[in-house]
J.: 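What follows is a single structure, and I will ask about it in a moment.
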Amino acid sequence: MSLPDLPFNPAHCLINGKWQAPLDGQTLALIDPSDGSELTQIARGQSRDINTAIEAAQNALNGEWGNKTALERGRILTRIGQLVLEHVDLLAELEARDVGKPLTQARADAIALARYMEFYGSAADKIHGETIPYLDGYTVYTLREPHGVTGHIVPWNYPMQIIGRSVGAALAMGNAAVLKPAEEACLTALMFAEIACTAGLPDGALNVVPGLGAEAGAALSSHKDVQHISFTGSVATGALVQQAAGTNVVPVTLELGGKSPQLVFEDANLDDALPFLVNAGIQNAGQTCSASSRILVQESRYAEVVAAMSERYTALTVGPAMDDLNLGPLISARQKEIVTGFLAWGQDLQIAATGQIAEDAPKQGAYVAPHLLLCSDANHPLAQKEIFGPVQIVIPFKDEEEAVAIANGTDFGLVASVWTENGACQMRLAKALKSGQVFINNYGAGGGVELPFGGVGKSGHGREKGFEALYGFSTLKTVAAKHG
Ligand code: NAD
């Protein structure tokens, strides 16, 4: 199936408001994970393209973009949001074909992208400094200023949502952006850039250079003229990006995934909990940094929860993204190999239930049936490592103390949720859980434009989303005026 007509050449980069071929003319094949066919060719940007993009971003800051007021920036972002909504069908199809995400989920991501633009568009002129009481004869105040040129390295699992939260907040604060989308999925990044230009974003305020991580990504994270890096992806690559940024003494925001638990206590309302227990694990075929891959259940309800989740699992079907089933394929044959490798490693675990792959799903697609596994050892490798596939592990616990110990017993800390009607237990756990977000009687895998988001431990550091992101994408200047 060919791609819909696009208003740009997908083998080009967007630099200084113009679509242009990468300087050395190289391209990469973009693969449709639903059937393994080639969707199109994309640019294989290199350091020379990144250099040009950074120069364009700096020029935008020195010129038209840098001269915009906060109100004007906000209006442009809001207009981008409106245009995103007008292009939801196209964006959803591109994301579905490129990522392998079922169409309904891709559509939700396009709507979330619009929502980020609306949120940051209306927040742009609402962030301000403070006056500080100081010595007699002084007036002291603070100014919130943009960092300058910001680098955005985005993975393949939620391109639209991650671009929305990081590029949206950066532009709202008056930074210019250079975006390096993932080589596995970058069509919506390109379409978003086209929409931004149409909405009146000045040339150079946003530049997009697709390419390989070790080439374009490494060139961006190590460039001396980039003043802030936002990275979402694997722990190993995040560490490399932090090292590169450290050489230039530049701040980084790292969002590196997790092993997020949901804790089900014996008084939990299972009817409320069940859809969240399963959906938070299988959304986007489990390729979600905030996927809930561990379900911790108090012993007295363990059998009941396993039975209820198993029933849902057996009804799950996996197939091509455009068929819009419960799950699509994984992003690539390589990711399928990684996930099936984990399943082989976990052969000693009991399989409570699996879903099925649709009979007519193309053989070349990267399909893996969702697996619900039972595990009494919270230190088992499958209960510790981020699998990034449709695999959830159910672990029993005796009491609150043991639940907290298991929940906190991995290297990660991104999202956690607690299912109990006991208010005191809710409050104790909200404090005790080592996690960037704690949900009580709900779970938000990736959702919540307004909610600050980010991790502790190996889940990363820094916060995106919500108003908090605007602090991260700005720097504070203190002005102390002595006037007697
Ligand atoms: P990755 O971390 O290597 O890639 C993420 C982004 O970083 C991509 O844009 C990539 O091009 C870029 N990149 C890669 N190497 C780079 C480098 N040296 N310098 C700068 N940028 C670089 O992730 P991956 O290889 O696509 O996936 C591997 C694993 O990472 C997955 O199995 C999963 O566990 C994890 N992952 C996590 C998330 C998340 O949202 N937390 C997203 C994608 C992947």
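Note that ligands are numbered from 1 as they come in the structure, with each ligand's atoms numbered from 1 the same way. Positions are given from 1, in the same order as the sequence printed here.
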J.: List the steps, then state whether side-chain contact (heavy atoms from CB on, under 4.5 Å) holds for Leu3 with Arg97.
T.: CA-CA 8 Å; Leu3 276 179; Arg97 304 279 305 280; 4.3 Å; yes

J.: Compare every heavy atom of Ala189 with every heavy atom of Ile163, then report the nearest pair and how far apart it is.
T.: CD1-CB, 3.5 Å

J.: What do the steps show when you test His461 against Gln242 for side chain to side chain donor-acceptor pair (under 3.5 Å), and what is the final call?
T.: CA-CA 11 Å; His461 52 76; Gln242 180 159 321; 2.8 Å; yes

J.: With no hydrogens and no angle check, do the side chains of Tyr313 and Thr354 hold a donor and an acceptor under 3.5 Å apart?
T.: no

J.: Decide yes or no for Trp156 and Ile331: does some side-chain heavy atom of the first lie under 4.5 Å from some side-chain heavy atom of the second?
T.: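 Answer yes - side chains close enough.
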
J.: Looking only at non-hydrogen atoms, which of Glu386, Arg334, Lys180 approaches atom 25 (O) of ligand 1 most closely?
T.: Arg334

J.: Between Ser332 (side chain only) and Gln335 (backbone N and O only), is there a donor and an acceptor less than 3.5 Å apart?
T.: yes

J.: For atom 10 (C) of ligand 1, grab the closest protein heavy atom and report residue, atom and distance to one decimal in Å.
T.: Glu183 OE1, 3.6 Å

J.: Nearest non-hydrogen atom to atom 28 (C) of ligand 1 belongs to which of Gly455, Ser459, Ser234?
T.: Ser234

J.: Check ligand 1 against Ala182 and write out every atom of the ligand that is under 4.0 Å from a heavy-atom position of the residue.
T.: 9 (O)

J.: Are Ser166 and His152 close enough that a side-chain donor and a side-chain acceptor fall under 3.5 Å?
T.: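 Judged by distance alone, the side chains do pair up.
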
J.: Does any N or O atom in Ile162 lie less than 3.5 angstrom from one in ligand 1, N or O only?
T.: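 The answer is no, given that Ile162 and ligand 1 share no N or O pair closer than 3.5 Å.
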
J.: Does Phe388 form a side-chain contact (heavy atoms from CB on, under 4.5 Å) with Ser234? I'd like the steps, not just the answer.
T.: CA-CA 10 Å; Phe388 233 59; Ser234 62; over 6 Å; no

J.: Name the closest protein heavy atom to atom 39 (C) of ligand 1, giving the residue it belongs to and the distance to 0.1 Å.
T.: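 Here the nearest protein heavy atom works out to Cys289 CB, 3.5 Å.
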
J.: Does any non-hydrogen side-chain atom of Gln161 lie less than 4.5 Å from one of Glu95?
T.: no

J.: Which pair of non-hydrogen atoms, one from Pro329 and one from Ala285, has the smallest distance, and what is that distance?
T.: O-CB, 4.3 Å

J.: Find out whether the Lys NZ or Arg CZ of Lys465 is both under 6.0 angstrom from the six-membered ring centre of Phe119 and within 45° of the ring's axis.
T.: no

J.: How far is atom 32 (O) of ligand 1 from its nearest protein heavy atom, and which residue and atom is that?
T.: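 Result for atom 32 (O) of ligand 1: Gln335 NE2, 3.2 Å.
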
J.: Heavy atoms only: which of Leu240, Thr232, Leu220, Asn157 lies closest to atom 5 (C) of ligand 1?
T.: Thr232

J.: Considering heavy atoms of the protein only, find what lies nearest to atom 42 (C) of ligand 1 and give residue, atom and distance to 0.1 Å.
T.: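 So the nearest neighbour among protein heavy atoms is Pro155 CB, 3.4 Å.
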
J.: Quick one: look up the protein heavy atom nearest atom 15 (N) of ligand 1 and list residue, atom name and how far away it is.
T.: Thr237 CG2, 3.3 Å

J.: Nearest to atom 20 (C) of ligand 1, what protein heavy atom do you find, and at what distance?
T.: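 For atom 20 (C) of ligand 1, the nearest protein heavy atom is Gly217 C, 3.2 Å.
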
J.: Right, does atom 30 (O) of ligand 1 have protein non-hydrogen atoms nearer than 4.0 Å?
T.: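 Yes, there is a protein heavy atom closer to it than 4.0 Å.
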
J.: For atom 9 (O) of ligand 1, what's the nearest protein heavy-atom neighbour? Residue, atom name and distance, please.
T.: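 Sorting protein heavy atoms by distance from atom 9 (O) of ligand 1 puts Val154 O, 2.8 Å first.
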
J.: Looking at atom 26 (O) of ligand 1, what's its closest protein heavy atom, distance included?
T.: Trp156 NE1, 2.6 Å

J.: Below 4.0 Å from ligand 1: does a non-hydrogen atom of Phe231 turn up there or not?
T.: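 Phe231 counts as a contact of ligand 1 under the 4.0 Å cut-off.
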
J.: Within ligand 1, which atoms have a heavy atom of Val241 less than 4.0 Å away?
T.: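 Heavy-atom distances to Val241 below 4.0 Å select 20 (C).
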
J.: If you count the atoms of ligand 1 from 1 in the order shown, which ones are under 4.0 Å from a heavy atom of Ile153?
T.: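 That gives atoms 6 (C), 7 (O), 9 (O), 12 (C), 20 (C), 21 (N) of ligand 1.
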
J.: Please determine if Gly257 has a nitrogen or oxygen closer than 3.5 Å to a nitrogen or oxygen of ligand 1.
T.: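 Looking only at distances, the answer is yes, because the N/O contact criterion of under 3.5 Å is met.
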
J.: Would Glu464 and Arg165 pass as an ion pair if we require N to O under 4.0 Å?
T.: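 Looking at Arg165 together with Glu464, the answer is yes, because their closest N to O distance falls below 4.0 Å.
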
J.: Is it true that Lys385 lies under 4.0 Å from ligand 1, counting heavy atoms only?
T.: no

